[in-house]
Trainee: 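Before I ask anything, let me first share the structure, which is written out below as structure tokens.
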Protein chains: 2
Amino acid sequence: METQDLKKVGLKATLPRLRILQLLEHSQQRHMTAEDIYKALLETRDDVGLATVYRVLTQFETAGLVVRHHFENGLSVFELNEGRHHDHLLCIKCGQVVEFLDNVIEKQQCTIAQEYGFDITDHCLYIYGICSNCQIKKS
Amino acid sequence: METQDLKKVGLKATLPRLRILQLLEHSQQRHMTAEDIYKALLETRDDVGLATVYRVLTQFETAGLVVRHHFENGLSVFELNEGRHHDHLLCIKCGQVVEFLDNVIEKQQCTIAQEYGFDITDHCLYIYGICSNCQIKKS
DNA sequence: TAATCAATTAATAATTTTTTTCATTATATC
DNA sequence: GATATAATGAAAAAAATTATTAATTGATTA
């Protein structure tokens, strides 16, 4: 149950936190902006302030429940952290997001970091393109 | 001369545009925020409004003179586009930025895009870590 | 189960980053 | 050099995010 997930990371199980966590778990979109979440909660009559959404998401991030990304439009999007790291492939037409993990790339990143004497802490790779669907319907 | 570079892409050679272009070409930092540029111009008494800086950078971006990045703090940074694509390695302590290009990774990205039926248009890879300098002085 | 207390929230204000508007000024062309 | 047009600066507006504060909620204890 979500209440336990929150307790585990030292956060009180409050209504806003539960709702946001549930939303991230069950929403169609895996990747949501703070605004997305705020609106979704309004629709289900769970009136949670936008400031609270931001605050909770930041708490979730530091607690490791959630991962924050900056896709190239400059907006922050959040996704549930389900343990397994992955990178992203994004359609610039429809916004579809595909997650993938590739060993060749993962390894090569370590090699590169080493080469430059860096102690790697994190990385993110975004590939932008046009998905097969959007290729068909010519704009 | 920079005047020609601007004309070539269909932009009038105005003072603000020349100054910003020159700054990007000759500054120590290759990667600057709009604010950075604004401040640098103030220091040299070239009074260019912040709004103009943003406007010009956006024009430069669409003209292909400049590339815009969103590093993981969410800020936009701009760098001169000198033709050769590259990825970035960033020190999270001192902010140092290293540019690199790796064929293994480049090729693998195409392979992945293909695999998912995407027609790849662009990509960016940011590796975050601690540079050798910052590793020595323990925080 | 009620009382207590610290943590959390909503609401609002404040910040930060970026974009727009519009009157004024500069640029390129003739 | 005069003129038409495009670009600028300043200020205001928008958009995104963070901080403040008084009031409420959830957890704990009696």
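Side chains included, hydrogens not; waters and symmetry mates left out as well; all remaining heavy atoms used. Bear in mind the structure is a predicted one, so any value in this text is a computation, not a measurement.
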Trainee: Is there a side chain to side chain contact (heavy atoms under 4.5 Å, CB included) between Tyr128(A) and Ile120(B) once you walk through the steps?
Mentor: CA-CA 6 Å; Tyr128(A) 298 90; Ile120(B) 190 171; over 6 Å; no
Trainee: Mind calculating the distance between CZ (Arg55(B)) and P (dT8(D)) to the nearest angstrom?
Mentor: 6 Å
Trainee: Please assess Val67(A) against Asp122(A) for the test side chain to side chain contact (heavy atoms under 4.5 Å, CB included), listing each intermediate value before the final yes or no.
Mentor: CA-CA 12 Å; Val67(A) 181; Asp122(A) 196 13; over 6 Å; no
Trainee: Where the side chain of Ala13(B) is concerned, which of dA28(C), dT8(D), dT18(C) is the nearest nucleotide?
Mentor: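 Nucleotide nearest to Ala13(B)'s side chain: dA28(C).
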Trainee: Give a yes/no answer on whether the side chain of Tyr54(A) brings an N or O atom under 4.0 Å of OP1 or OP2 in dT17(D).
Mentor: yes
Trainee: Phosphate oxygens OP1/OP2 of dT17(C): is one of them under 4.0 Å from a side-chain N or O of Ser76(B)?
Mentor: no
Trainee: Show your working on side chain to side chain contact (heavy atoms under 4.5 Å, CB included) between Asp87(B) and Ile127(B) and close with a plain yes or no.
Mentor: CA-CA 8 Å; Asp87(B) 289 311; Ile127(B) 303 181; over 6 Å; no
Trainee: From C-beta outward on Ala51(B), which listed nucleotide comes closest to its side chain: dT20(C), dT18(C), dA28(C)?
Mentor: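 Comparing dT20(C), dT18(C), dA28(C) against the side chain of Ala51(B), the answer is dT20(C).
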Trainee: Please report, rounded to the nearest Å, how far the P atom of dT17(C) is from the CG atom of Leu57(B).
Mentor: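 Going from Leu57(B) (CG) to dT17(C) (P), I get 15 Å.
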Trainee: With Glu82(B), which residues qualify under salt bridge (Lys or Arg N to Asp or Glu O under 4.0 Å), at least two apart?
Mentor: Arg30(B), Arg84(B)
Trainee: Side chain of Val48(B): nearest nucleotide among dG9(D), dT9(C), dT17(C)?
Mentor: dG9(D)
Trainee: Are the aromatic ring centres of His70(A) and Phe71(B) under 6.0 angstrom apart?
Mentor: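 Not close enough - the centres of the two rings lie 6.0 Å or further apart.
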Trainee: Side chain to side chain contact (heavy atoms under 4.5 Å, CB included), that's the test. Do Leu6(A) and Phe60(A) meet it? Break it down for me.
Mentor: CA-CA 9 Å; Leu6(A) 289 174; Phe60(A) 281 8; 3.6 Å; yes
Trainee: Side-chain N or O of Thr52(B) versus OP1/OP2 of dA7(D): is the shortest distance under 4.0 Å?
Mentor: no
Trainee: Rounded to the nearest 0.5 Å, what separates atom CG in Leu24(B) from atom CZ in Arg19(B)?
Mentor: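 So the gap between those two atoms works out to 13.5 Å.
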Trainee: Please pick, from dT18(C), dT18(D), dT9(C), the nucleotide with the shortest atom-to-atom distance to any side-chain atom of Leu50(B).
Mentor: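 Closest of the options to the side chain of Leu50(B): dT18(C).
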Trainee: How close or far is atom C1' of dT3(D) from atom NZ of Lys12(B), stated in whole angstroms?
Mentor: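 About 11 Å, once rounded to whole Å.
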Trainee: Using a heavy-atom distance cut-off of less than 4.0 Å, which residues of residues 14-43 of chain B contact DNA chain D?
Mentor: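 Contacts with DNA chain D under 4.0 Å: Thr14(B), Pro16(B), Arg17(B).
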Trainee: When the nearest nucleotide of DNA chain C is assigned to Leu11(B) and to His70(B) on a heavy-atom basis, which residue is associated with the more 5' position?
Mentor: His70(B)
Trainee: Would the distance check show the side chain of Arg17(B) and the main-chain N or O of Leu11(B) forming a donor-acceptor pair, the cut-off being under 3.5 Å?
Mentor: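 No, Arg17(B) side chain to Leu11(B) backbone: no donor-acceptor pair under 3.5 Å.
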Trainee: So what does Leu75(B) hit on the nucleic acid, given a heavy-atom distance under 4.0 Å: a base, only sugar-phosphate, or nothing?
Mentor: sugar-phosphate
Trainee: Using atom CZ of Phe78(A) as one end and atom P of dT17(D) as the other, report the distance to the nearest whole Å.
Mentor: 7 Å
Trainee: Rounded to whole angstrom units, what separation is found between the CG atom of Asp46(B) and the P atom of dT8(D)?
Mentor: 13 Å
Trainee: Whole-Å distance between dA10(C) P and Asp47(A) CG?
Mentor: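 Value for this atom pair: 8 Å.
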Trainee: Could you state the atom-to-atom distance from CG of Leu6(B) to C1' of dA6(D) in whole Å?
Mentor: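 Distance, rounded to whole Å: 14 Å.
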Trainee: Just the rounded figure in Å: distance from P of dT18(C) to CZ of Arg68(B).
Mentor: 7 Å
Trainee: So which nucleotide from dA11(C), dT18(C), dT19(C) ends up closest to the side chain of Thr58(B)?
Mentor: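 Of dA11(C), dT18(C), dT19(C), dT19(C) is nearest to the side chain of Thr58(B).
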